Peer 1: 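Let me give you the structure first, and then I'll get to my questions.
The chains referred to below are lettered A, B, ... by the order of the sequence lines, with proteins before strands, and numbering in each begins at 1. As the structure is a prediction and not an experimental result, all values here were calculated from the model.
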Protein chains: 2
Amino acid sequence: MVADRGKKPVLATVAALAGVSAPTVSKVINGRDDVAAGTRARVQEALDRLGYESPVQRRARSSGPAMVDLVIDGVNTHYSQEVLTGILDYAATAGVEVVLGNMTPGKLRSTNHEQWAQHMLERGRQGLVLVTSEVTDKQLDSFSRRNIPVVVIDPLNPPHSGIVSVGATNWAGGKVATEHLLALGHRRIAYLGGPEAAECSVARQHGYLAALMGHGVPARPDYMLAGEFYHQFGVRGTKQLMALAEPPTAIFAGSDTIALGVLEEARRQGLRIPEDLSLVGFDGTNLTEQTLPRLTSVAQPLKEMGRAALRSVLRLAGGEVLDSQHVELATELVVRDSTAAPKT
Amino acid sequence: MVADRGKKPVLATVAALAGVSAPTVSKVINGRDDVAAGTRARVQEALDRLGYESPVQRRARSSGPAMVDLVIDGVNTHYSQEVLTGILDYAATAGVEVVLGNMTPGKLRSTNHEQWAQHMLERGRQGLVLVTSEVTDKQLDSFSRRNIPVVVIDPLNPPHSGIVSVGATNWAGGKVATEHLLALGHRRIAYLGGPEAAECSVARQHGYLAALMGHGVPARPDYMLAGEFYHQFGVRGTKQLMALAEPPTAIFAGSDTIALGVLEEARRQGLRIPEDLSLVGFDGTNLTEQTLPRLTSVAQPLKEMGRAALRSVLRLAGGEVLDSQHVELATELVVRDSTAAPKT
């Protein structure tokens, strides 16, 4: 049966088809959680067969600009600014309005997601874009039960099946950064990463490990530190690495902000970059051009990631099925002035 | 007569009182520009006497969260991020939603403001916050004719009378920065400012001039360069200043991003900061803590400026009259490691 989109079947018809009461159908439509999973599935199937449009889908077909919620939970200034620019660029093209939520780090975790999702429904929102956020399956469920499309950019934790996410090729980026250092002749290469819970940082580290293995260089636990995507961690991590009996000759930093801290601590210790220590960053923000020496870094297509996320939310809101639940856009190593061969 | 707010007088009553036709009243209410100024004033007076509420005012009293448009035309990443954080903080407290517009620099100038203002009215927006924007009187008029409150943060051009603006004490900040350098013993002090059209930069420069005059130090035209609030201008300006027959011993930069460029060019020329050259920035963004040496800078209360702007828009939307059309929040010199006495 081809669904006649836009027709709104009466509750009683849906209830009869699903073999449940009308109030139960209403509960499912409103995303209430006091419905058994089996019952919900039956009701959803009946709704689909009768061509029911969710409030989100109806909104997508109605006139007037669509509205999408956006929450950026991260605090990496340069990173978020570029992602934001991409999202707003695409929003202007698509005639969509973006409602920006609180950016206080950690705020998202303590938000009442049930209330939020219900509010989005009432306000006719088409979907939600989350940036570098830590969200639980339970939280995401508040949206999916209401058929509100959610797309996560660079999720801190591995995305829940059924949630669409946009990222960059972190593993490949970590590998190419490390291979660049290996090709210059480095063998003592350290990785200063983001939080252990951050999927993207773990992927970068595994790319680093893959490159080392490919060159027969044993991995050293004392050369791998997990911290935060902050400048301060770059300072702290470099102190720790340089105090080792056999300090590294090169550092691969999990973000440009971490690399900024490495630069600062190196300068403090009188280490010249790249002569005494080579350094590769990750992100490719405009920071890379503002440091001296300019920073070799793995560029993420941040603007394009923002655009892709909003585009996906709108496609989902329009009832389209995406080819893939997860898209990774290509990273690219940009060699600048912070890497050189090690001293012999 | 005390206006009975909330009562909606019929067009005919307003028309009779103002001595115009009902369609003319409708034109004034909808902010159309094909009404003579005198006629508009008479209609507005009649509307006020009859206690008419504009769509914006009605929206303010209705249930559901209010929505405010926000446009940031500047590109100073650190600056905008902090202002944005303040706005979103206050929005969360006040239960207001913020719709973020395109951030592409220069985009605002080419926007059709009539369409935009009309759209805001139709979508029930309560007001507009503009950040570091270049807006003309004609553009602002599109909003004021529709009674849409507009608050500008750090307007690039002097604000049009009747427009509320929020800024920082730029003149006082420029003065205290320069006095700090004078107190250290500097006499050859240069100013590397933002665009000549930027009111805030001109105010900082006048503070600088006032400090010099107060100490009997003559101002030198070759020590005052106007450029852009960008890193690249800091590099270019420093090259130009240091090539002078008598180069300055201290530079007051009109923004932290300009100071970042000064740091870079100084390092390239082998000038030590602060031993060979003292440097003061302006803004007090988190950049000041990320440089080596850490940057002495005049801090603007950026978050508080964001909060104050949104608070003012909401008060205007609620029909309140503000005490002042322009608020300047205090700047504060924060001395870090980039300033010292000149070499003798």
Side-chain angles (χ1 to χ4, degrees), chain A residues 63-65 67-72 75-82 84-93 95-105 107 111 119-120 122-125 230-232 234-235 257 260-261 263-268 285-287 289-294 303, chain B residues 63-65 67-72 75-82 84-93 95-105 107 111 119-120 122-125 230-232 234-235 257 260-261 263-268 285-287 289-294 303:
Chain A
S63 64
M67 301 192 84
V68 166
D69 273 18
L70 169 66
V71 170
I72 301 181
V75 279
N76 183 330
T77 304
H78 290 271
Y79 177 99
S80 9
Q81 195 85 2
E82 299 200 20
L84 193 53
T85 303
I87 293 175
L88 294 175
D89 269 4
Y90 190 75
T93 312
V96 173
E97 297 192 319
V98 174
V99 180
L100 189 61
N102 203 295
M103 291 173 82
T104 311
K107 176 91 184 176
T111 301
H119 173 83
M120 284 185 65
E122 284 158 12
R123 303 279 283 173
R125 298 293 155 71
Y230 289 118
H231 169 256
Q232 290 82 348
V235 172
T257 46
L260 202 66
L263 275 176
E264 181 182 315
E265 180 57 24
R267 208 172 288 143
R268 200 170 279 138
T285 57
N286 56 6
L287 267 181
E289 296 284 344
Q290 295 181 357
T291 54
L292 193 74
R294 295 178 317 136
K303 282 183 195 154
Chain B
S63 64
M67 301 192 85
V68 166
D69 273 17
L70 169 66
V71 170
I72 302 180
V75 279
N76 183 329
T77 303
H78 291 272
Y79 177 99
S80 8
Q81 195 85 3
E82 297 199 23
L84 193 54
T85 303
I87 292 175
L88 294 175
D89 269 4
Y90 190 75
T93 313
V96 173
E97 297 192 319
V98 174
V99 180
L100 189 60
N102 202 294
M103 293 175 80
T104 311
K107 176 92 184 175
T111 300
H119 173 84
M120 284 183 66
E122 284 158 12
R123 303 277 286 173
R125 298 293 153 71
Y230 290 117
H231 168 256
Q232 290 82 349
V235 172
T257 46
L260 201 65
L263 275 177
E264 181 183 315
E265 179 56 25
R267 207 172 289 144
R268 201 170 279 138
T285 56
N286 57 6
L287 267 182
E289 296 284 345
Q290 295 182 358
T291 55
L292 192 75
R294 294 179 318 135
K303 280 182 197 155

Peer 1: Nearest heavy-atom pair of A:L100 and B:L88: which atoms, and what distance?
Peer 2: O-CD2, 3.5 Å

Peer 1: Among A:H119, A:E122, A:E82, which residue forms the greatest number of heavy-atom pairs with chain B at distances under 4.5 Å?
Peer 2: A:H119

Peer 1: Identify, with sequence neighbours excluded, every residue that meets side chain to side chain donor-acceptor pair (under 3.5 Å) alongside A:E289.
Peer 2: A:R294, A:R336

Peer 1: Would you say that B:V99 contacts A:M67 through its side chain, given a criterion of any heavy-atom pair below 4.5 Å between the two side chains?
Peer 2: yes

Peer 1: A side-chain contact here means heavy atoms from C-beta on lying under 4.5 Å apart; do B:L84 and A:L84 qualify?
Peer 2: yes

Peer 1: With sequence neighbours left out, write down each residue that passes side chain to side chain donor-acceptor pair (under 3.5 Å) with B:R268, or none if nothing qualifies.
Peer 2: B:E264, B:E265

Peer 1: Heavy atoms only, distances under 4.5 angstrom: which of B:T291, B:V98, B:V235 has the most pairs with chain A? Name it, please.
Peer 2: B:V98

Peer 1: Between CG of B:L263 and CD of A:Q290, what distance do you get to the nearest 0.5 Å?
Peer 2: 11.5 Å

Peer 1: For B:L292, is it the side chain, the backbone, both or neither that has a heavy atom under 4.5 Å from a heavy atom of chain A?
Peer 2: both

Peer 1: Please flag which part of B:N286 lies under 4.5 Å from any non-hydrogen atom of chain A: side chain, backbone, both or neither.
Peer 2: side chain

